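Everything numeric in this text was worked out from a predicted model, so none of it was measured. Per chain, numbering begins at 1; letters A, B, ... match sequence-line order.
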2 protein chains.
Amino acid sequence: MDEDQLDLLFHAMASQPRRAILELVRENAGCNLNFVAGHFEFSRIGVMKHLDVLEAANLVISQKNGRDRELYFNPVPLQEVHEHWTDHYSRHFAARLTNLKRVVEQQTKGRK
Amino acid sequence: MDEDQLDLLFHAMASQPRRAILELVRENAGCNLNFVAGHFEFSRIGVMKHLDVLEAANLVISQKNGRDRELYFNPVPLQEVHEHWTDHYSRHFAARLTNLKRVVEQQTKGRK
DNA sequence: TCTATATGTAACCTTTTAGTTACTTATGGA
DNA sequence: TCCATAAGTAACTAAAAGGTTACATATAGA
């Protein structure tokens, strides 16, 4: 991921409303703009602008279906940062790595 | 970590100069403001403001020593987000968890 | 075809961010 | 004590962010 994309990603994440919108889209894959706007106090246009920011960061992907725009959460950018940090800060994160190892093993249990 | 602190953290990270400053401080623990400013094209005051943002996000900790202000990288906030993501997005990150597991095992090898 | 709905665009306003220069304060050392 | 150096504060500017209202477009369905 290049530096400009990282700017977009962190900027998108640096807002409580946007994180809440992202969470809503994550839990309601395929929902549309009005659905999201219905959950917030500010205007539909405000929500749309937040969605544009999330989409520029590639955290939300949208697809036109008739007059609806279906919204989907895209985990890839967060995962890339997560993995980069795993590598880059391993020295600093070391103190808790044993715990992380346990969590990972828990989650990969029974999977191939 | 509360939501306001997350805002400060992501906002601090959403800037290439700040990420570069953070990296410099990380690799030069205890360095001072002028040392950092010497590595960038913009003014010392500009650098100081970036450091203030990093410090508000708790990514940099500073300590006065004589007329110097010694700067230290603090990995804790990034680690907290990292661990939160590990839990929260485990379902979405699953596809690459096998690979992550390998990395973690590599890094914890021989450690207790 | 007509209408209600879902989205999109334009223009505007206020606040915050990112940077500057000029000036002030504090301290280490000759 | 005097001076050079490191940091801090104040005031200003330009640009970006975050929100609004008003208007325009597109489509599903009676």
Side-chain angles (χ1 to χ4, degrees), chain A residues 3-25 28-73 77, chain B residues 3-25 28-73 77:
Chain A
E3 292 292 318
D4 289 341
Q5 202 59 31
L6 273 182
D7 284 357
L8 294 176
L9 174 63
F10 286 123
H11 170 68
M13 292 295 286
S15 150
Q16 297 182 45
R18 275 196 294 271
R19 290 196 301 275
I21 288 171
L22 186 64
E23 193 58 18
L24 194 63
V25 169
N28 297 275
C31 66
N32 66 13
L33 170 58
N34 276 346
F35 172 84
V36 175
H39 287 74
F40 293 91
E41 287 181 349
F42 42 82
S43 71
R44 178 182 60 86
I45 309 298
V47 171
M48 191 166 72
K49 287 195 175 186
H50 282 307
L51 279 167
D52 289 345
V53 171
L54 289 167
E55 208 165 342
N58 204 30
L59 284 165
V60 163
I61 294 171
S62 75
Q63 185 181 358
K64 260 292 195 185
N65 184 2
R67 59 185 170 179
D68 291 332
R69 180 175 156 208
E70 296 175 346
L71 302 168
Y72 298 92
F73 169 63
Chain B
E3 293 292 317
D4 289 342
Q5 201 59 30
L6 273 182
D7 284 357
L8 294 176
L9 173 63
F10 286 124
H11 170 68
M13 292 295 287
S15 149
Q16 297 182 45
R18 275 197 294 270
R19 289 195 302 275
I21 289 171
L22 186 64
E23 193 57 20
L24 194 62
V25 169
N28 297 276
C31 65
N32 65 13
L33 170 58
N34 276 344
F35 172 85
V36 175
H39 287 73
F40 293 90
E41 287 181 348
F42 42 82
S43 73
R44 179 182 60 89
I45 308 298
V47 171
M48 191 166 72
K49 288 196 174 186
H50 281 307
L51 280 168
D52 289 344
V53 171
L54 289 167
E55 209 165 342
N58 204 27
L59 284 166
V60 162
I61 293 172
S62 74
Q63 186 180 358
K64 261 290 196 184
N65 184 2
R67 59 185 170 181
D68 291 333
R69 181 174 157 208
E70 297 175 346
L71 303 168
Y72 298 93
F73 169 64

Separation of dG8(D) P from Asp52(B) CG (nearest whole Å): 8 Å
note: Lys49(B), atom NZ; dA18(C), atom P; distance rounded to Å ~ 10 Å
Does His50(A) make a side-chain N or O approach to OP1 or OP2 of dG19(D) shorter than 4.0 Å? yes
Rounded to the nearest 0.5 Å, what's the gap from CD on Glu3(A) to CG on Leu8(A)? Could you check? 11.5 Å
Protein-nucleotide distance (Ile21(A), atom CD1; dG19(D), atom P), rounded to Å: 9 Å
Atom CG of Asp7(A) and atom C1' of dA17(D) are separated, to the nearest Å, by 15 Å
Interatomic spacing from CG in Asp68(A) to CD in Gln63(A) - rounded to 0.5 Å: 11.5 Å
Any idea how Phe42(B) and Phe40(B) line up, ring-wise: parallel (<30°), tilted (30 to 60°), or perpendicular (>60°)? parallel
Please work out if Gly46(B) contacts a base, only the sugar-phosphate, or nothing of the nucleic acid, heavy-atom cut-off 4.0 Å. base
Can you measure Leu54(B) atom CG to dT17(C) atom C1' for me and round it to whole angstrom units? 14 Å
So, is His11(B) near the phosphate of dA17(D), with a side-chain N or O under 4.0 Å from OP1 or OP2? no
Walking DNA chain D from its 5' end, the first of Ile45(A) and Arg67(A) to be reached, judged by nearest nucleotide, is Ile45(A)
Separation of dT5(C) C1' from Met48(A) CE (nearest whole Å): 15 Å
Considering non-hydrogen atoms only, spot the tightest contact between His50(A) and Pro17(A) and give its length. NE2-CB, 4.1 Å
Using heavy atoms to find the nearest nucleotide of DNA chain D for Val47(A) and Arg44(B) separately, return the residue whose nucleotide is more 5′. Arg44(B)
Distance below 4.0 Å between Ser43(B) side-chain N/O and dG19(C) OP1 or OP2: no
Between Arg19(B) and Met13(B) (side chain of the first, backbone of the second, donor and acceptor by atom type, cut-off under 3.5 Å), is there such a pair? yes
Does the side chain of Asn34(A) get closer than 4.0 angstrom to OP1 or OP2 of dT5(C) through an N or O atom? no
Rounded to the Å, how far apart are Phe40(B) CZ and dT20(C) C1'? 18 Å
Nearest-Å distance, CG (Asn65(A)) to P (dT7(C))? 11 Å
